[in-house]
There are 2 protein chains.
Amino acid sequence: MAVDTGVEVEKRKKRKPNVFDVARVAGVSQTTVSFVLNGSTTPRISDATTKRVLAAVEQLGYRRNTLARSLAHGKTMTVGMVLSSLDDDFHGVILRTCQERLDEQGYQLLYVQAASGSAREALMVQFLLEHRVDAVICFAHEYSTYIVPEWLSGMRDEGVPGVMIDSTRFASMIDSVGSDDIDGMYKAMKHLYDLGHRRIALVSDNWQPDLVPDRISGYDLAIERLGIDYNVQVGSDRRMNDIEKSAEMARLLDGPEPPTAFVTYNDYTFEYFLMNYAGTRFRVPEDVSLVGYGNLYLSRFAKLTSVGQRPEEIGRVAAECVLARLKNPDRPLRKVEIETELVVRSSTAPPRPVS
Amino acid sequence: MAVDTGVEVEKRKKRKPNVFDVARVAGVSQTTVSFVLNGSTTPRISDATTKRVLAAVEQLGYRRNTLARSLAHGKTMTVGMVLSSLDDDFHGVILRTCQERLDEQGYQLLYVQAASGSAREALMVQFLLEHRVDAVICFAHEYSTYIVPEWLSGMRDEGVPGVMIDSTRFASMIDSVGSDDIDGMYKAMKHLYDLGHRRIALVSDNWQPDLVPDRISGYDLAIERLGIDYNVQVGSDRRMNDIEKSAEMARLLDGPEPPTAFVTYNDYTFEYFLMNYAGTRFRVPEDVSLVGYGNLYLSRFAKLTSVGQRPEEIGRVAAECVLARLKNPDRPLRKVEIETELVVRSSTAPPRPVS
DNA sequence: ATGAAAGCGCTAACAC
DNA sequence: GTGTTAGCGCTTTCAT
């Protein structure tokens, strides 16, 4: 490596200082600088030398170049994460706990954003891979079906570990961590059953036949296990938006044999109902009980009983999976289903006695 | 960190293909491959060659190494962004629009997370700088005061452009884009004034004397400009949490000369009041009008009149700033204040006639 | 149109 | 404990 002798001065102004410069100023070799900077213990560097190097670093305003560093030793110590939505606390909590765990091992989470299932999502995974992240974490989503397998196999080919969050649909291809949603929905149903409800309707969705399928089959399972003779699902037969679902809920409540409670696969499905029917046409929980899903902000604000998915656990376990596979790429595939917890608030009460 | 030497041969097999491999398979030189991959036009590559190269790329499953690429030509085409909160739609919208604009110029947004004002925030800026992002975007925050200047000067020294979002407090040091909050608060006051309110109290905060200072001085300004003879600020003299603020609001409403309306510097300040007082002890807007700030999710759900900050504009303009400075590092400092918009919903109405 | 070769900044094996 | 040096994968003059 030829150190410019003549142009040196000119270049000095723009070029950022590198290990070599530090070495020269400190009067040591590159290697020594590198060892000091990386706290290498193998060849123990004398305190005096260390001090001189550090001083040179300070003086020059040297900042190490991660690009070169990673290029050289083949590891970036970063984990890429493709984020779809940044709008809710669910994702926020997962991110935080995931990051915390990764931090402990010196890994840094790097996010990029892309709507789930969009072409951009696949692009962003490419991007992360090109940046040689050591692993990729991705949120599964209803729309993912089409696109996921494509980049999933891409990652496999390159030996980059990945974990899928929030769904275990791809658990046969990749480490996955999600919630035990069948049980979660069962808990919701059991809670209402125990309060005395026997006509519990589900606010569902047919947007994707396999959207949050566990939550929906949890409903059927509960019906069966609890020996209930009432199975009404709003929005499972045709595509409906939340406004239409609310109207249908109201229609049901005004009809014969009305449900005394609703469960849903997502807190926000109730949003419109809460905004425009609850408290005016129907009182909650006097006229109808409501159990949401997700324990998201809305359920806290609206004091909704809801099934919590424990995002803090999801994030932590996802990090754990990544770390474990990074350590041992050949470990068997892992599929984790975090147990949910029912958070009881004031949207549930015993049903009104039949009038 | 000792890399096992014996396994070297094993590893060899896993080595990812590089330009050189591609070149060999395609029967051309490295250079040619590089030109093809970068769509170079200077030396026009023949279609036949291009095709062969692409075929080789496909066959080998070659993926370019951004690390090496960036190292070589000194640009990463990434913009780093330090995110504090991922929990609300405000940030989400900014991110999306900012990304969209950056995309157009081929820049990619890279996020890292750190609580505002935390030691980690400074660390993350270092991290981004070490990764040689071409620019940094950061959210200002009440706590930032202490830490910001430190890494701000660090960036300046290295010639890495940055823009501060959501505050213009550091506008003398860095391109900044925020909202015109003085005017925003004035709009809120004017709206209430026009409805007939003359006793409007502010729910404030003394946590940091310069926290969202514009919104607070906007209140004083409005009082003066509108010739109002009532200036009551909850929580401006001592530190209070939202629960205490709600209690204080209730106390005020029950007292003599009660305010007929409240304005605040943040929608969520009203959260507790809405959950526990509104609709029970006080009706909104019959007994009291409420104007929030931020037009955040809460205000939409609770049908709160609120001052919107137009995050989509903030994000776009932030990207614009970065792009402009990237193009011309010497352009004069820019300070943009996005005009707010009052979103009227059903939490505001004329005050009750004095009883 | 294509190829040879000099870096970019850093790590780490190997010699001293 | 310190220095030498060969890569890491790619870009990019400068010849050819």
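At a cut-off of 3.5 angstrom, the base of C/dT2 holds no donor-acceptor pair with the side chain of B/T49.
A heavy atom closer than 4.0 Å to some atom of DNA chain C occurs in B/L71, B/A72, these being the qualifying members of residues 65-73 of chain B.
Distances were taken from every side-chain heavy atom of B/S29 (C-beta onward) to each of D/dC10, C/dG3, C/dC10; the shortest belongs to C/dG3.
In terms of position on DNA chain C, the residue among B/V28 and A/Y62 whose nearest nucleotide sits closer to the 5' end is B/V28.
Ion pairing of B/D103 with A/R120 is present here, as a side-chain N (NZ or NE/NH1/NH2) and a carboxylate O approach within less than 4.0 Å. Here A/R96 pairs with A/E100 in a salt bridge; the nearest charged N to carboxylate O distance falls below 4.0 Å. A/R101 has a carboxylate O that lies under 4.0 Å from a charged side-chain N of A/E320, or vice versa, which qualifies the two as a salt bridge.
The shortest distance between side-chain heavy atoms of A/V112 and B/L109 does not fall below 4.5 Å.
Checked by atom type, the side-chain pair B/N38/B/R69 shows a donor-acceptor distance below 3.5 Å. Looking only at atom types and distance, the side chain of A/S34 has no donor-acceptor partner in the side chain of A/T31 under 3.5 Å away.
A sub-4.0 Å separation between OP1 or OP2 of C/dC8 and a side-chain N or O of A/N18 is absent. In terms of phosphate contacts, B/S34 brings a side-chain nitrogen or oxygen within less than 4.0 Å of OP1 or OP2 of D/dT11. The phosphate of C/dG3 has OP1 or OP2 within less than 4.0 Å of a side-chain N or O from B/T32.
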